[in-house]
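In what follows, a structure is listed as structure tokens, so that the remarks can point back to it.
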There are 2 protein chains.
Amino acid sequence: MVASRAPDTDVRVATLSAAMRLFAAHGFEGTALQDIADAVGVTKPAILHHFPSKEHMRQAVLDVILSHWNEALPRLLLAATAGDDRFDAVFGETCRFFATDPDRARMLMREALDRPAEVRKLLRGSVRPWFAAVAGYIRSGKEKGLHYATVDEEAYVVHILLLVLAAAAAAPLASAALDGDARPRFERELARIAHASLFPPSSDAERTVRKRKSQR
Amino acid sequence: MVASRAPDTDVRVATLSAAMRLFAAHGFEGTALQDIADAVGVTKPAILHHFPSKEHMRQAVLDVILSHWNEALPRLLLAATAGDDRFDAVFGETCRFFATDPDRARMLMREALDRPAEVRKLLRGSVRPWFAAVAGYIRSGKEKGLHYATVDEEAYVVHILLLVLAAAAAAPLASAALDGDARPRFERELARIAHASLFPPSSDAERTVRKRKSQR
DNA sequence: AGGTGTCCTTACCGCATGGTAAGCACGCTC
DNA sequence: GAGCGTGCTTACCATGCGGTAAGGACACCT
């Protein structure tokens, strides 16, 4: 019987892992099934035993990435209390997620370039509600005077996500534009840009100072 | 004899144009020479007559994109007078360049993903001085109190360029996350983010963003 | 012991790919 | 008009691709 539930054998998970790495590095078209099989240490038909086709493998890899967010996002949004807390929570989790494995960012980036129509559908269907939710929190923060009145919430959220994605995907490149270990500088500046373009400096300075120093 | 100067025949330029479009849309590996030949309306060996190999075509397409900047950047930097003028000039030209033909952004994005080592060399070699120059202008503006003191100029420049690139490359996608024609909203918000994360609101009161307290 | 299903192998297939060989038509120079 | 280089054609080639066929090793159930 063909498994409706994932069999979760070693080869299957190793294949998913290798496929993510190789798709991210060389692209879907640039990766041969033989490459994946070699990376796993089995033969080509072995991995085709677990996935009906290369196309199914792509989808499985994407599902691994996307399923993380279907689980993490509700938790994050419910856990954080106030508007700006929610922003920090989601922003931080997003950065951490892609910093943990930049291949995730590269894979998504490639997917957006390779199959815009499918990604469009995905965005319209399941991702958009999350954009709307985060944008809603920003809007409510805006009404409380926390943010710039000129912020376009939806566009802001999309841009910041794009920036986090692109920065994670291009991390090894970006550090070539600076000296030494530029990673922490980039991370800090990314957070600063996201923050400074949302929170005006006066209220922001009070808030962070109050938050950071009062606790110590 | 193989031409050292570009012959500039119709087929050659048409091939470059088609190759840029197809490489941007389907990637280098995902584009067959036959596809390019079909798009141009000639046979496969015809385009191999103008470019020794597919690899040479990739480089030629990249050269078309990069040569624009070797010409435009000095002009822009010399034309603009003050620090923030220079910023607006370079930022505006960058946005316009990629908005004119988003395939340029997609091509560069793919190149960064496909061949990080080569792009790294390119960055270290010829692009980096321009980053440094723009960063220098920001630093001088910072000393005049125009910008946030916490800005990391080099990291800021890289991130903003990344954002412009990613936004141009993903433009058709991003508009799927919003309603209606979202393009102008995205462009405006992108400019706002770049601006607001560099200029504190008080110092640019007469420029754009002063509506926050006075309007509401 | 025999049956059965899972996981993986070797061997193979049809096809598309990047690239080459050889030659043809045209325009130029002498 | 002979010679020749340029720009292109048709015909072809070796390779590597995604995917299939068929069967073996092994575990587990009856």
Side-chain angles (χ1 to χ4, degrees), chain A residues 1-63 107 110-111 113-115 118, chain B residues 1-63 107 110-111 113-115 118:
Chain A
M1 170 183 55
V2 173
S4 56
R5 300 184 310 124
D8 252 24
T9 65
D10 283 0
V11 171
R12 194 193 151 87
V13 299
T15 300
L16 276 176
S17 166
M20 165 119 75
R21 207 182 65 237
L22 292 168
F23 287 166
H26 313 301
F28 182 77
E29 313 272 359
T31 303
L33 289 183
Q34 190 63 62
D35 299 337
I36 302 174
D38 290 350
V40 176
V42 295
T43 58
K44 196 174 56 171
I47 64 173
L48 281 170
H49 171 78
H50 293 278
F51 303 90
S53 76
K54 198 187 176 189
E55 197 61 42
H56 282 78
M57 284 190 45
R58 156 193 256 157
Q59 199 56 53
V61 169
L62 279 175
D63 286 346
M107 177 84 195
R110 286 190 184 276
E111 204 62 14
L113 290 168
D114 288 348
R115 309 194 308 168
E118 286 80 355
Chain B
M1 169 181 54
V2 172
S4 57
R5 299 183 312 124
D8 253 21
T9 65
D10 282 359
V11 171
R12 193 191 153 86
V13 297
T15 299
L16 276 176
S17 166
M20 164 118 75
R21 208 183 65 237
L22 292 169
F23 286 166
H26 312 300
F28 182 76
E29 314 272 359
T31 302
L33 289 182
Q34 190 64 62
D35 299 337
I36 303 174
D38 290 349
V40 175
V42 294
T43 58
K44 197 173 55 173
I47 64 175
L48 281 170
H49 171 78
H50 293 280
F51 303 90
S53 76
K54 200 186 175 188
E55 197 60 42
H56 282 78
M57 283 190 46
R58 156 193 255 157
Q59 198 55 54
V61 169
L62 279 176
D63 286 346
M107 177 85 194
R110 285 190 184 276
E111 204 61 15
L113 289 168
D114 287 349
R115 308 193 308 169
E118 285 80 356

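Lettering of chains follows the sequences in order, A, B, ..., and the numbering in each one begins at 1.
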Round to the nearest Å and state the distance from B/R58 atom CZ to C/dG18 atom P.
12 Å
Which whole-number value in Å describes the distance from B/K54 NZ to C/dG18 P?
4 Å
Here the distance between atom P of D/dT20 and atom CZ of A/F51, to the nearest Å, is 16 Å
Under 3.5 Å, side chain of A/D35 to main-chain N/O of A/A32, donor-acceptor pair present?
yes
For the pair made of NE2 in A/H56 and P in D/dT20, what is the distance, rounded to whole Å?
11 Å
Please tabulate the protein-to-nucleotide N/O contacts below 3.5 Å involving nucleotides 10-15 of chain D, giving atom names and distances.
none

Would you mind reporting whether A/D114 and B/R110 have side-chain heavy atoms less than 4.5 Å apart?
yes
Any idea which of D/dG18, C/dG18, D/dC8 is nearest the B/A32 side chain?
C/dG18
Residue-phosphate contact under 4.0 Å: A/H49 side-chain N/O, C/dC7 OP1/OP2:
yes
To the nearest angstrom, how far is A/L33 atom CG from D/dT20 atom P?
11 Å
Take atom NE2 of B/H50 and atom P of D/dG7, then tell me their distance rounded to the nearest Å.
6 Å
Can you tell me how far the CZ atom of B/F23 sits from the CE atom of B/M107, to the nearest 0.5 Å?
6.0 Å
Whole angstroms only, please: what is the CD1-P distance between A/I47 and D/dC17?
12 Å
Working to the nearest 0.5 Å, report the span between CE of A/M57 and CE of A/M20.
11.0 Å
What pairs meet the salt bridge (charged side-chain N to carboxylate O under 4.0 Å, His left out) rule with one or both residues in residues 40-63 of chain A, with sequence neighbours excluded?
A/E55-A/R58, A/E55-A/R115, A/R58-A/E111
From A/L33 CG over to A/T43 OG1, what is the distance, rounded to the nearest 0.5 angstrom?
11.5 Å
Rounded to the nearest 0.5 angstrom, the CZ-NE2 distance for A/F28 and B/H26 is 14.5 Å
Return yes if some donor-acceptor pair links the side-chain N/O of A/T15 with the main-chain N/O of A/V11 below 3.5 Å, else return no.
yes
Can you figure out which of D/dC8, D/dG19, C/dT17 approaches the side chain of A/L48 most closely?
D/dG19
Would you confirm whether A/T31, through its side chain, and A/L22, through its main-chain N or O, come within 3.5 Å as a donor-acceptor pair?
yes
Residues of residues 15-27 of chain A with a heavy atom under 4.0 Å from any atom of DNA chain C, listed by number, are none
Roughly how many Å is it from CD1 in B/I36 to P in C/dG18, rounded to a whole number?
8 Å
